[in-house]
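Structure, as structure tokens:
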Amino acid sequence: MRYPEFKQPFNYAQVGADILQWWQENGIFEKSVSTREGRPSFVFYEGPPSANGAPGIHHVMARTVKDIFCRYQTLKGFQVNRKGGWDTHGLPIELQVEKELGITKEDIGKKITVEEYNQRCRETVMRFKHQWDELTEKMGYWVDLSDPYITFEPEYIESCWALLKKLYDKGLLYKGYTIQPYSPAAGTGLSSHELNQPGTYKDVKDTTIVAEFEVKRDEQSEKLFALADGLPVFILAWTTTPWTLPANTGLAVGKNIRYAVVRTYNPYTREPQVVVLAKDLLSRHFSEKGAEASLEEYKAGDKVLPWRQLAEFSGGELVGISYQRLFSTEAGFPAFEGEERAFRVIPGDFVTTEDGTGIVHISPTFGADDFRVAQQNDIPALLVADDQGKLGPIVDRTGRYAAQMGEFGGRWVKNYDGHDDSAADYRTLDVDISVRLKERGRAFKVEKYEHTYPHCWRTDKPVLYYPLDSWFIKTTAVKDRLIELNKTINWKPESTGTGRFGNWLENLVDWNLSRSRYWGTPLPIWRTQDGSEEICIGSIAELSAEIDKAVAAEVMTHNPIKSGEMTDLHRPYVDDIFLVSPSGQPMYRETDLIDVWFDSGAMPYAQWHYPFENHDTFERNFPADFIAEGVDQTRGWFFTLHALGVMLEDSVAFKNVIANGLVLDKNGNKMSKRLGNAIDPFKTIDQYGPDATRWYMIANAQPWDNLKFDLAGITEVQRRFFGTLFNTYSFYALYANLDEFQAREFDRVPLTELSELDRWILSKLQSLILEVRGHFDNYDPTKAARAIQDFVTDQLSNWYVRLSRGRFRKGELTADKKAAFETLQECLVVVAQLMSPIAPFFGEWLYRNMTNGMRAEAMAKTTPLRHESVHLSELVEAEEHLIDKALEERMDLAQRISSLTHSLRKKSVLKVRQPLQRILVPVLTETTREQVGKVEDLICAEVNVKHVEFLDDTSGVLVKSVKPNFKRLGQQFGPRLKAVAARIQQMTPEEISQLEKVGQLAVEVEGQPVTLSPEDVEIRTEDLPGWLVATDGPLTVALDVTLTDELRHEGIARELVNRLQNLRKDSGLEVQDKIRVTLGANQPELVQAVEAFGEYIRTETQALSLDLTNGLADGAVLEFDEYSVPVRLEVVKS
RNA sequence: GGGCUUGUAGCUCAGGUGGUUAGAGCGCGACACUGAUAAUGUCGAGGUCCGUGGUUCGAGUCCACGCAGGCCCA
């Protein structure tokens, strides 16, 4: 057997396993790289995954996208190195280890040494590596797993250090501080990337306060007191974080916002007072009834708060007013440096009248905007000294009030330590502060309010905005260049590049590098205690040289690098190294680690240990031609790659990028283990096979759209696409083997001798090659997949093979039969190749089944099919001269005429098995007649009629109608179009005829002469009087339903064939088995049919003889229509 | 609140530059075809193309404003 044959049901998962094994045994992946040595390279960067968790189905999606283009470019002849990598540092691993050990950050260095802790991280981070490797192999993702880059290795860290030093030398690395999101529970500042984690922003109900700040009476405020009639005046400010109120040092107003001065009462103490708030927000705080209620008669128990607006001021007029501190030193709260400059009204550009009071309470240590406007207006922050005398905010790093904070000293700002807060009388700090303010008449409104607030993505606790020392990379210095170069990157989809990424670049801030953690790349900067001298280390050698100086200065006892004691650059070892400054001062390492995103952004350099070695390799592999990751990486890996590329090389780091969307469950919900709707990638691949899984993911939606993952979709792909392709192959294999046919690359039937059908499918095939190449080149795998699928199912299987079956089945191996085999063989081999980037296993299976028999000769003659694997082959070029548009057009006509005829048969209840005499096709042009004439045989065979009859003008039976060509007429007539169109629809047959013959027609529309040309209308035939017709656009078909005796007899013959074939099948006969048939001669029509068409019946059913007899009583009976025919069937063993 | 994005049949998706009957597959019902086919064909049921305005002779398509979902950020 030359072509392997397979039984249904076909096991696609097994193909995956078998091909995988064959790849591994024969080193096909390695060969796909090594055989391209010396060819131009296509550079791909693997974004490193972290192996501290099990891979999910979305990883199959992401990696399929990556794999497709690497395989495609390999087919195109490029060498595609794919170095794998692992992302190993960072908070997720640390938190996982803490959880497993049952410790917190505070315990590190106490309950467990940093050394042990980091060792534990190192072990944990690769825990799921074997699962990742297994998935990589099973899904057919080709990446070099044997020599991956690993971000915790000394060489990798050393590269990062070298890059940092380059930035340092360029002045792009600096120490500063900002108000940053900070997670007291995790004990760390949160990067913007971490705050970008899904689920970070949550709706929470907090106690909120509209606090009353009592205005001091002075020159500035006299205009208010002049209205107040002796009452105290308060400024109202709203906050959702009452715990920041004791740190208040200023109030911000909008310069152009209008503020109202209102006479009213304190709702809690019922004291009369005057308050100030934004005019636009009056209705939020006061009712309409209150404006009418008597000011004088307000008393305890009244629900309606009376109020009167006294005056209006702009924010600018309020600036400079002073007010009393809310929590005073007299009440036990601490004095602080610069207090005399505090408690003033200042302008703030961020103030709105969206909510609150239009006045914003400012605590410079707890808000980024606050910090900025406070600095601009010389408002001090409230700072207190810690036990070492160092000044800091009123909240310490664990999220607790400083001891100095009077009655609230030592209180938790939020529940960061997990204390029991379930008791009914439990009161949060926010509540206690509210209560105190209410008692003192300093609260105007206290209420629970639901708003969104960021939470630490891992501990789930609310973040604090908190001042932290930080090292920054000054990305703002190269902002313009980042934007400029970004415009040269081909983003898929484009909007992610221009919108999401581009807008982000437009609003860039400096990159905060610092992380106060343990497991990560240490910041290689040493400083003197006073910070006046510092050094940035760029290599191990440099560090060693500096240690030598320190040893000489007796700051260090010996050099642990030279002695071989220090082989790891992580903490705690680097922290034990002290250097000496030029002035002889000891220098200590800045204890920060760097953002893990620096690690991954550094992979173009660090994966090669550049700049310490592999200069050539780096040069050859920078920048990347292609990367692909999830859209969530936009401000993560995509950004850090780009930023470092621009800052270090003044270049993009990648030229083409696909940002793929999320994989959701079939209902569009996010997959999560908790909800139990997560799809197990291993089970999916085991059950459906890798190819159908990959194909479904790619064909169903564009990679950058979210994918609603539905297993039923894989089944459909498997049935419809892979099933059809498998069957097409099986058909080829079955008949090729029966004929002992072996395709060769030589001695093929010449093109000129091929049938219409052959030349048609080959034309379609070339168009497909062009189309698929175009889509892949354009990084659009979905359109490529859909084009291949449509070709295989609609064109190849459902038209070419369907209409060619007879050619394969019958007789000797004639030139026509050989041509059919060769054409189908050509199509299948090309399809195998085109599909192989998306379905690498099935593509390989099909390619090898189709070509293994040709290999020896191909190798001997060095022809295209010499390659043992489709993935080693070279992508076929479209032979454009084979594309015959006229042929494609007339085949399209054949398909549509057939479809119309089927439709007519259905209406007339005439099954296809019943032959009919003719169909009638009106033709308006000679070319249509010629086109249809060339495919007449195909149509007749498909719809079982004897011939196609054309009707033209001379027949005198055509009824024509016209349809306005709106596109053309609209441009010509504009507003008059409706009238013109109406006139056209009223055209008489004579007018139509004149338009056709003369080439123009003068008519009158609304009293105006209008000249119509044939292009202005579409002339079509719609009806044949006396005939049942079907139409499809300009095509009309009529069916002659007259049945003659001969046609009836042939119909009977075909029924007999059908029943006999079924009987053969049911009896378990093979296709090539011969039979002898005896039929009961019990009906005259039947006897006539058998006599007339006996030869036909015998050929179709492989019958050596076909006899009629009256004596058949027992045995099987063939039943159809009104007939019931006894039959005896004998098998003839050959 | 801002940026980006999606909204077309029960489901998944197509619908260059505006053109008058909005398509496909799946699913559902019926009938048919088939010695490769668990495939396929024909017919049928199923659409206020998210809404409201606007531009235009003409809007699923362009513009504005909304609504709903998603992602990212404040």
Side-chain angles (χ1 to χ4, degrees), chain A residues 5 8-10 192 195-196 198 200-201 350 352 354-355 368-369 452 454 493 495-496 498-504 506-507 630-632 634-635 659 661-662 664 666-668 670 696 699-702 704-708 710 712-713 715-716 718-720 723-735 782-783 786 789-790 793-794 797-799 801-802 805 808-809 898-907 909-913 942 944 963-971 973-981 1030 1033 1057-1058 1060-1062 1064-1065 1069-1072 1100-1102:
Chain A
E5 292 179 43
Q8 289 271 27
F10 188 63
S192 50
L195 268 191
N196 289 350
T200 300
Y201 284 81
F350 52 88
T352 69
E354 296 281 328
D355 45 26
D369 282 333
T452 51
S495 60
T496 298
T498 55
R500 186 175 289 215
F501 194 67
N503 290 345
W504 151 263
E506 296 283 348
N507 298 303
V631 69
D632 52 344
T634 305
R635 297 177 191 189
L662 271 59
L664 308 169
K666 63 178 175 182
N667 299 317
K670 202 172 265 194
Y696 163 70
N700 192 62
Q702 308 259 40
W704 40 87
D705 290 332
N706 289 348
L707 174 67
K708 289 183 193 168
D710 188 355
T715 315
E716 187 183 329
Q718 205 175 58
R719 277 216 325 264
R720 190 167 156 72
T724 305
L725 186 52
F726 168 79
N727 287 327
T728 305
Y729 166 76
S730 296
F731 174 84
Y732 175 86
L734 174 66
Y735 287 102
T782 303
K783 286 189 174 154
R786 288 175 180 170
Q789 192 168 306
D790 289 349
T793 57
D794 295 350
S797 170
N798 206 24
W799 192 253
V801 174
R802 182 183 166 88
R805 278 173 303 191
F808 289 93
R809 212 144 60 201
S898 300
S899 172
L900 290 171
T901 310
H902 280 302
S903 166
L904 288 170
R905 276 182 173 273
K906 168 78 185 173
K907 279 181 200 152
V909 200
L910 282 164
K911 49 192 168 186
V912 182
R913 234 178 261 134
E942 171 63 14
N944 198 18
K963 185 177 163 254
N965 179 343
F966 283 96
K967 189 164 185 169
R968 218 183 122 85
L969 294 168
Q971 285 158 4
F973 297 106
R976 294 169 63 208
L977 175 109
K978 270 182 184 161
V980 176
V1057 168
N1058 171 255
L1060 285 169
Q1061 297 286 39
N1062 287 343
R1064 283 182 58 117
K1065 260 198 270 188
L1069 298 190
E1070 297 294 323
V1071 176
Q1072 65 274 25
E1100 287 293 319
T1101 58
Q1102 309 264 7

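Atoms considered below: every heavy atom in the structure, side chains included; atoms not considered: hydrogens, waters and symmetry mates. Naming: A, B, ... by sequence-line order, numbering from 1 per chain.
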> What is the distance from atom CZ of A/R905 to atom CG of A/L900, rounded to the nearest 0.5 Å?
Replying inline: 13.5 Å
> Got A/T496 and A/W704 here, is their nearest side-chain heavy-atom distance under 4.5 Å?
Replying inline: no
> When rounded to the nearest 0.5 angstrom, what distance separates OG1 in A/T793 from CG in A/L725?
Replying inline: 10.0 Å
>> Mind checking if A/R905 touches a base, just sugar-phosphate, or nothing, with heavy atoms under 4.0 Å?
In response: nothing
> So which nucleotide does B/A68 pair with, by the Watson-Crick or G-U wobble rule with both distances under 3.5 Å?
Replying inline: B/U6
>> Rounded to whole Å, please give me the gap between CG in A/N700 and C1' in B/A14.
In response: 12 Å
>> Between A/D790 and A/R720, does any side-chain N to carboxylate O distance fall below 4.0 Å?
In response: no
> From B/G41, B/U12, B/C4, pick the nucleotide closest to the side chain of A/N798?
Replying inline: B/G41
>> Using the C1' atom as the point on both nucleotides, what is the distance between B/C72 and B/U8, in whole Å?
In response: 27 Å
> Which one, B/A36, B/A39, B/C71, comes nearest to the side chain of A/L734?
Replying inline: B/A36
> Of the nucleotides B/C13, B/G35, B/A36, which has the atom closest to the A/N727 side chain?
Replying inline: B/A36
> With sequence neighbours left out, what residues match A/Y732 under ring-ring contact (aromatic ring centres under 6.0 Å, His included)?
Replying inline: A/Y3, A/F821
>> How many whole angstroms separate atom CZ of A/R805 from atom P of B/U34?
In response: 8 Å
> Think A/N706 has a side-chain N or O under 4.0 angstrom from the OP1 or OP2 of B/C71?
Replying inline: no
>> Given B/C13, B/G25, B/C72, identify the nucleotide with an atom nearest to the side chain of A/R720.
In response: B/G25
>> Please report the distance separating the P of B/U17 from the corresponding atom of B/A59, rounded so that it comes out in whole Å.
In response: 16 Å
> Is any side-chain nitrogen or oxygen of A/R719 closer than 4.0 Å to OP1 or OP2 of B/A39?
Replying inline: yes
> If you check every side-chain atom of A/K967, which of B/G35, B/U37, B/G19 has the closest atom?
Replying inline: B/G19
> Using a cut-off of less than 4.0 Å, is there contact between a side-chain N or O of A/Y732 and OP1 or OP2 of B/A36?
Replying inline: no
>> Looking at B/G29, which nucleotide sits across from it as a Watson-Crick or G-U wobble partner, both distances under 3.5 angstrom, or is there none?
In response: B/C43
> When the C1' atoms of B/A74 and B/G53 are considered, how many whole Å apart are they?
Replying inline: 31 Å
>> Just to be sure I understand the rule, does A/V801 reach a base, reach only the sugar-phosphate, or reach nothing, if contact means heavy atoms closer than 4.0 Å?
In response: base
> Parallel, tilted or perpendicular: which fits the ring planes of A/F731 and A/F808, with parallel below 30° and perpendicular above 60°?
Replying inline: perpendicular
> Which value, in whole Å, describes the distance between the P atoms of nucleotides B/A9 and B/G25?
Replying inline: 16 Å
>> Return the pairing partner of B/G35 with a 3.5 Å limit on both distances, Watson-Crick or G-U wobble; otherwise return none.
In response: none
>> Please confirm whether the shortest side-chain N or O distance from A/S899 to OP1 or OP2 of B/U42 is below 4.0 Å.
In response: yes
> When you compare B/A45 with B/C31, how far apart are their C1' atoms, in angstrom units rounded to a whole number?
Replying inline: 15 Å
> Just to confirm, is there a sub-4.0 Å distance from OP1 or OP2 of B/U42 to any side-chain nitrogen or oxygen of A/S903?
Replying inline: no
> Of the candidate nucleotides B/A14, B/G25, B/C4, which contains the atom at the shortest distance from the side chain of A/E716?
Replying inline: B/G25
> Any donor-acceptor pair under 3.5 Å between the side chain of A/R913 and the base of B/C33?
Replying inline: no
>> Could you tell me how far apart A/K708 (NZ) and B/U12 (P) are, to the nearest whole angstrom?
In response: 4 Å
> Does A/R802 have a side-chain nitrogen or oxygen under 4.0 Å from the phosphate oxygens OP1 or OP2 of B/U34?
Replying inline: no
> With both distances kept under 3.5 Å, what pairs with B/U56, Watson-Crick or G-U wobble?
Replying inline: none
> What interatomic distance, in whole Å, is found between C1' of B/C67 and the corresponding atom of B/U56?
Replying inline: 26 Å
>> Using Watson-Crick or G-U wobble geometry with both distances under 3.5 Å, which nucleotide pairs with B/G1?
In response: B/C73
>> Could you tell me how far B/A32 sits from B/G23 if I compare only their C1' atoms? Round to whole Å.
In response: 24 Å
> Using the P atom in both, what is the distance from B/G7 to B/G54, to the nearest Å?
Replying inline: 24 Å
>> According to side-chain hydrogen bond (donor to acceptor under 3.5 Å, both in side chains), who are the partners of A/Q1102, at least two apart in sequence or on a separate chain?
In response: A/K1074
> Between B/C33 atom P and A/Q1061 atom CD, what is the distance in whole Å?
Replying inline: 14 Å
> Mind checking who B/U17 pairs with, Watson-Crick or G-U wobble, both distances under 3.5 Å?
Replying inline: none
>> Just so I know, are the side chains of A/Y696 and A/T715 near enough to count as touching, which here means a heavy-atom distance under 4.5 Å?
In response: no
>> Within the 4.0 Å heavy-atom criterion, would you say A/F726 contacts the bases, only the backbone, or no part of the nucleic acid?
In response: nothing
>> Students often get this wrong, so: under 4.0 angstrom with heavy atoms, is A/G723 touching a base, only sugar-phosphate, or nothing?
In response: nothing
> Which part of the nucleic acid, if any, lies within contact of A/D710, taking any heavy atom under 4.0 Å across all strands shown: a base, the sugar-phosphate backbone alone, or nothing?
Replying inline: nothing
> Which nucleotide in the list B/G3, B/C72, B/A36 gets nearest to the side chain of A/R635?
Replying inline: B/C72
